[in-house]
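Take a look at the structure below.
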There are 2 protein chains.
Amino acid sequence: MKLALLGVFAISSLALSAAVFSSAASGVPPENASPIYGVTIPDGYRDWRFIAPAQEAPPLDELPAVLGNDIAVEAYKKGTLPFPDGSILVKLAYKREQSTEFAPATVPGASTTVQVMVKDSKKYPDSHGWGFGRFVNDKPVDAAQHETCLSCHVGNVKDHDFVFTRYAP
Amino acid sequence: MKLALLGVFAISSLALSAAVFSSAASGVPPENASPIYGVTIPDGYRDWRFIAPAQEAPPLDELPAVLGNDIAVEAYKKGTLPFPDGSILVKLAYKREQSTEFAPATVPGASTTVQVMVKDSKKYPDSHGWGFGRFVNDKPVDAAQHETCLSCHVGNVKDHDFVFTRYAP
């Protein structure tokens, strides 16, 4: 009986892995996928449309900007909430750097992180439909850091489908 | 003799107006075109690709971001300098606003200005090929403000084809 149950659990786990991670054939998350969520950096995201800039105070001391794929941008423009499945948001963050050419300006220095939110309500039922990925130099950071994503988004922006960024006019 | 010269000057001025301003038929700049340069806000610019964010210290106290049309973005990616004719850059600037949802973050408030640079070496031979437009609430600001564009760009970024913004990675 115990063995039979274990068997069912193992099969479910495999099925879940196949759904969450794109390397479905092996059931093993690719090296470049985030822990917990299996999110990868989407191809071509740097050419996606612009949603909004921001600024993060020290110690982060960053200039971020959020881009979105077409599904996400159209949802923003129409005010569609929750975001539809297929929406992807990418936050590009840069170290703040004093401009050497124009004294009042701070400009982007080195890239610090790329952060991704993917909406897929079937794949991510336990995180309000969102999968998270945080990448440094194109590599995902560890599980501990990924565990902080959801609680911060749930704690602060549950009324905006767990998304901080608003569309800048 | 004087009259004849005046006549030539008047014709040249008209020809210049027709070249600079898009309403070529009348030779009169449209109401929504910038003084000096006759630059208008380009259609669809809000969907253009993202070049870089920035931050401007007080008293401006703004969060700007620069978008570019395809010609400009491809030039940035290839490192093409000077920018080819047809390049258009648009800077969207927003008042810096403290986020009410995440203490370390500053987010975009109201739009302050939209600023446009258009590369057309035939149309703008006296300003290194660039035409400038600065708009508040979609209306161009006055000539005095437009007179400051060129000198600041020439004084600070002549080695980057008079463009401040670099492509953020």
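Computed from heavy atoms alone, side chains included, the values below leave out hydrogens, waters and symmetry copies. Residue numbering restarts at 1 for every chain, and letters A, B, ... go by the order of the sequence lines.
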Candidate polar pairs, chain A side and chain B side, donor-acceptor under 3.5 Å:
residue, atom, partner, partner atom, Å
A/R46, NE, B/A168, O, 3.3
A/R46, NH1, B/F50, O, 2.7
A/R46, NH2, B/F50, O, 3.0
A/R46, NH2, B/I51, O, 3.0
A/R46, NH2, B/A168, O, 2.9
A/D47, OD1, B/R49, NH1, 2.9
A/D47, OD1, B/K77, NZ, 2.7
A/D47, OD2, B/K77, NZ, 3.0
A/R49, NH1, B/D47, OD1, 2.9
A/F50, O, B/R46, NH1, 2.7
A/F50, O, B/R46, NH2, 3.1
A/I51, O, B/R46, NH2, 3.0
A/Q55, N, B/T106, O, 2.9
A/Q55, O, B/T106, N, 2.7
A/Q55, OE1, B/R96, NE, 2.9
A/Q55, OE1, B/R96, NH2, 3.0
A/A57, N, B/P104, O, 2.8
A/K77, NZ, B/D47, OD1, 2.7
A/K77, NZ, B/D47, OD2, 3.0
A/Y94, OH, B/P169, O, 2.6
A/R96, NE, B/Q55, OE1, 2.8
A/R96, NH2, B/Q55, OE1, 2.9
A/E101, OE1, B/R166, NH1, 2.7
A/E101, OE2, B/R166, NH1, 3.3
A/E101, OE2, B/R166, NH2, 2.9
A/P104, O, B/A57, N, 2.8
A/T106, N, B/Q55, O, 2.7
A/T106, O, B/Q55, N, 2.9
A/R166, NH1, B/E101, OE1, 2.7
A/R166, NH1, B/E101, OE2, 3.4
A/R166, NH2, B/E101, OE2, 2.9
A/A168, O, B/R46, NE, 3.3
A/A168, O, B/R46, NH2, 2.9
A/P169, O, B/Y94, OH, 2.6

For chain B, the option from A/C152, A/A168, A/P59 that forms the most heavy-atom pairs under 4.5 Å: A/A168
B/L60 reachable from B/V157 in the ILVMFWY side-chain graph, under 4.5 Å edges: no
A/F50 reachable from A/V107 in the ILVMFWY side-chain graph, under 4.5 Å edges: no
Closest non-hydrogen atom pair, B/P53 against A/P64: CB-O, 4.3 Å
Interface moiety of B/L92 toward chain A, non-hydrogen atoms closer than 4.5 Å: side chain
A/L63 versus chain B, the contacting section by heavy-atom distance below 4.5 Å: both
B/F164 reachable from B/F135 in the ILVMFWY side-chain graph, under 4.5 Å edges: no
Option that, when pairs with chain A are counted at under 4.5 Å, heavy atom only, ranks first among B/A52, B/P108, B/P169: B/P169
B/F132 reachable from A/F102 in the ILVMFWY side-chain graph, under 4.5 Å edges: no
Hphob cluster co-occupancy, B/V73 + B/I71, side-chain heavy atoms under 4.5 angstrom: no
Members sharing B/V141's hydrophobic cluster (side chains within less than 4.5 Å): B/V136
